[in-house]
Amino acid sequence: MSDPLFPDGTCTQQHAVKNRYQTEIFNMAETHSLQDMRQQAAVAAKVFVQRDYTSGTMCQFQTKFPSELETKIDKQQFEETIRTLNNLYAEAEKLGSQSFIEGCLACLTAYTVFLCMETHYEKVLKKIAKYIQEQNDKIYAPRGLLLTDPIERGLRVIEITIYEDRSFTR
Amino acid sequence: MPSFSGGVVGGGVGGPASAPPRPFRPSRYVPVSAATTFLVGSTTLFFCFTCPWLTENISSVIPIYVAVIFLFTLANFCMATFMDPGVFPRAEEDEDKEDDFRAPLYKTVEIRNIQVRMKWCGTCRFYRPPRCSHCSVCDNCVEDFDHHCPWVNNCIGRRNYRYFFLFLLSLTTHIMDVFGFGLVYVLHHPQELDTPHAAVTMAVMCVAGLFFVPVAGLTGFHIVLVARGRTTNEQVTGKFRGGVNPFTRGCWRNISHVLCSPQAPRYMGRWWNRHAVEIQPPFLRPALTEAQLEAKILDNGIQNDRHSTRSKSSLDQMESQSADMEAPPPPKPDFRYPGLPRADTEASSLLSEAPPTPLMYKYRPAYSSPGKNHAAVTHPNKMTRGESLDSQSPSILQSSRQPSYRSEPSSLDGATVVGRGVGVRRGGGDRGEGPGGPGGIAAVVSGGVSGYSLTGRSYTSYPSSLVLSAGGSRSSSLRSAQTVHNPLATLQSEGTTDTSYKSLANQTPRNGSLSYDSLLTPSESPEFESAAHELSPLRPHAPLPSPAGSGRPGAASPGSPLQGYTSPFLSAQIAQQREGQLLQGSTTFSSPHRAYLRAVSPPPSSPPGPPEAQHLLHHNQNPTSRIPRNPSSSSSSPGARSLDPPVSPPPRGLSLSKSPVHIGETGSRHKPRPAGLGAVLGGGGVGGGQQAPQSTSRPVLANHTTSKPVGGVKKVTGVGGTTYEISV
């Protein structure tokens, strides 16, 4: 008999090896799928929180609570997250003394300072990324949601992924 | 460590979806090479031949000063050339799950009480944020798009505008320095002009003098732009010709924003730390807990009510969501239940925020190639649009009864046709214009802006009428030619739209919007009243005396499908004459209707805008042309319903292609105010592409209203087809 794995599988030793191999593969597959089930639920839907342009091109997101999330998370919690993000972005874009000094320094050094120093905005973006990660870990992941950092979408939307609740205990 | 990403290459490793690598075009590098050569070469010659004498005989500070200025110029030049201007990454596929044939081409958003529209970008698959534009040379949407500069072979956008501006300033200074010091040298060596030093100095002076005029002109132009808080794109397309720029913060703040704002971040080529988040069921469910608490507290009756309402709304949502999973047709329930938007796609969440202009469908073919699918797409569009309109009409009624209903120009089929046609063409032309972009587009701006190449893409945000006015470039005339032809063709060919407009118009009287129309057309009001609940489009009206008929050149004859194409001036005449008739005579009709109108004048949140407006404009049309209720009439009605405050008519130069703008703006009036409706009328009046005439009749109509506007709304339109409504 020909076996795709072991084309010349007449040897019993190879058979044994093959069997073990197949068993191993099967086990791996099983555990892998179990891990999958454990690690990640399926994506059910995505909600997009749009930018709020009422005060111009400043980076602000709408705090309106999307209807899809009504059964998933508290309205207050969600609005709190968005409001904090808005504040952080406002801080990033603020025309303050730090941005002014940075600009002057950049001019004086013919912009070579950008090679070694991180700009103010980038620093705040890191803060935002950390905040989103923390929110995901603490609040959103336990509810089957996942916030995507809006910088990945060009600061156009906050993408909230809703995961399927495959639990049958309810 | 931050690094510069070239404007040519899109995306980076680990970055978001980016444009496919573009073919290498050596012709793109000619201007930038020339600019670099002239700059570096001339300055080097200056330092070698002129500076030694100057250092010895005038001052030793001179070469240091010139060197500093030159280095500053060079640094800004490099930053302007190599820095990512603010390219948006392509949207992911799941942001755009909406049906291509349903989603509108434009979305309007309110920025500081001014309506600004966002256009769908077919290449990048999202609605362009305000001030964003798609550069066909770079094939990217750029944030705060200024222009594509061939001299640096890069787009100038949010991130590198400052460097570009400083480059211009420093280059002007440098040219003046070189020229000035060269002149000093030459004046001190009048007898040695045949020496190589003097000859080179004179050559450098010639080059400097030659470049000084355009560079200084461009610098002056940008100084004005910075002071006014505008981009080049906005300036040359005349977006704010009407006068109000929502993005300006005052001269001083504009300047400080350009020079001192924090360096904006890059969107492309970012390295993201993918933190693995474990998401596994069971999930927490706050809503259930809340419901349980409520159930415990409340009585049985109340509990039942609450449950019923909740289940109904959730059922609606589920219904809309499940229906969305279907392939087209049937039309999506999104538009049936505007109060319950489906927000699981990016575009639809935009819909929920600003009520959509559902009939201006964006041309959104298969992801890869718009041109290829052009033919395939248009037919389904035509087939399904009629259906969708029919099905939408009952929904509009239903939704219009809801207090939260927002004015929705759903009957703007004419507008749809125009908008979609325009969109289709633009979509089809998207790829085609790309290669043509760098080649043939002449600089449209006069004066010192000779170096600009305003690419085809940058025009797509604006109707082609603007392009017509800008004139000059091949691509613009091509686009405008396309646009001009299209509305007529599509209007005449769309039998289904006529039907659906009629059906929509049929339903409008049920909303109780009769009074206003009868106010306008007293002679036909009894007929109208009796036909209130049917409003057949072909109901026999005694043809009204057309007082303005004599003065109406090219007035649409009854039966002409292009009835709507009357000039604004004539419509105003007609309306005025009608007003005269109204005021003189028929008080029997007018007074009860006026009383009714008073009763009907709703608070800002309630007016069912489109059906009434539709109806109103339908009647507005009636004096002009009796017979077939053409798409123009019904399409012009949305937004016309009113309670208007006197509104200044938009400029007469409104072109057909501007209608999408107004429709978009009409649709986006999610804060309906009586004052706002007047402006909405203007928008709705222009809707359909042929409704430019209608708009000017509005202010006259406004005089009929007995209700005073709550707040004034000033409507400002630019020839570019953008209408800005400012609440005063």
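Just so it is clear: chains get the letters A, B, ... in the order the sequence lines come, proteins before strands, and each one is counted from 1.
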Requested in this report: Supply the atom-to-atom distance B:M83 CE to A:F114 CZ, rounded to the nearest 0.5 angstrom.
Outcome: 6.0 Å
Query - Residue A:I101 versus chain B: region with a heavy atom under 4.5 Å - result: neither
Query raised in the report: CG of A:D52 to CD1 of B:I111: how many Å apart, nearest 0.5 Å?
Result: 10.0 Å
Query raised in the report: Heavy atoms, side chains only, cut-off 4.5 Å: are A:T148 and B:E92 in contact?
Result: no
Query - Greatest number of heavy atom pairs closer than 4.5 Å to chain B - which of A:A92, A:G103, A:A141 - result: A:A141
**Report entry** Which of B:L259, B:L166, B:N76, B:L71 touches chain A most, by non-hydrogen pairs under 4.5 Å
**Finding:** B:N76
Query - Pairs of heavy atoms under 4.5 Å with chain B: top-ranked of A:T57, A:L145, A:N136 - result: A:T57
Query raised in the report: Taking NZ, NE, NH1 and NH2 as the nitrogens, is one of them in A:R51 or B:E143 under 4.0 Å from a carboxylate oxygen of the other?
Result: no
Query - Reference residue B:P265; test side chain to side chain contact (heavy atoms under 4.5 Å, CB included); the match among A:L125, A:T119, A:V124 - result: A:L125
Report task. Report yes if some heavy atom in the side chain of B:P129 is under 4.5 Å from a heavy atom in the side chain of A:Y53; otherwise report no. Result -> yes
Query - Short side-chain to backbone donor-acceptor contact, A:S99 and B:S261, under 3.5 Å - result: no
**Report entry** A:F100 CZ: over 12 foreign heavy atoms closer than 6.0 Å
**Finding:** no
Report task. Answer yes or no: is there a side-chain heavy-atom contact under 4.5 Å between B:Y127 and A:Q50? Result -> no
Report summary line: Honestly, the part of A:C107 sitting under 4.5 Å from a heavy atom of chain B is both
Report task. Would you name the heavy atoms of B:F88 and A:R156 that are closest together and state the gap between them? Result -> CE2-CG, 3.8 Å
Query raised in the report: Which answer fits A:K75, side chain, backbone, both or neither, if we ask what part of it has an atom under 4.5 Å from a heavy atom of chain B?
Result: neither
Query - For B:R266 against A:E122, the heavy-atom pair lying closest together - result: N-OE2, 4.2 Å
Query - Top contributor to chain A contacts, counting heavy-atom pairs under 4.5 Å, from B:P262, B:A264, B:A75 - result: B:P262
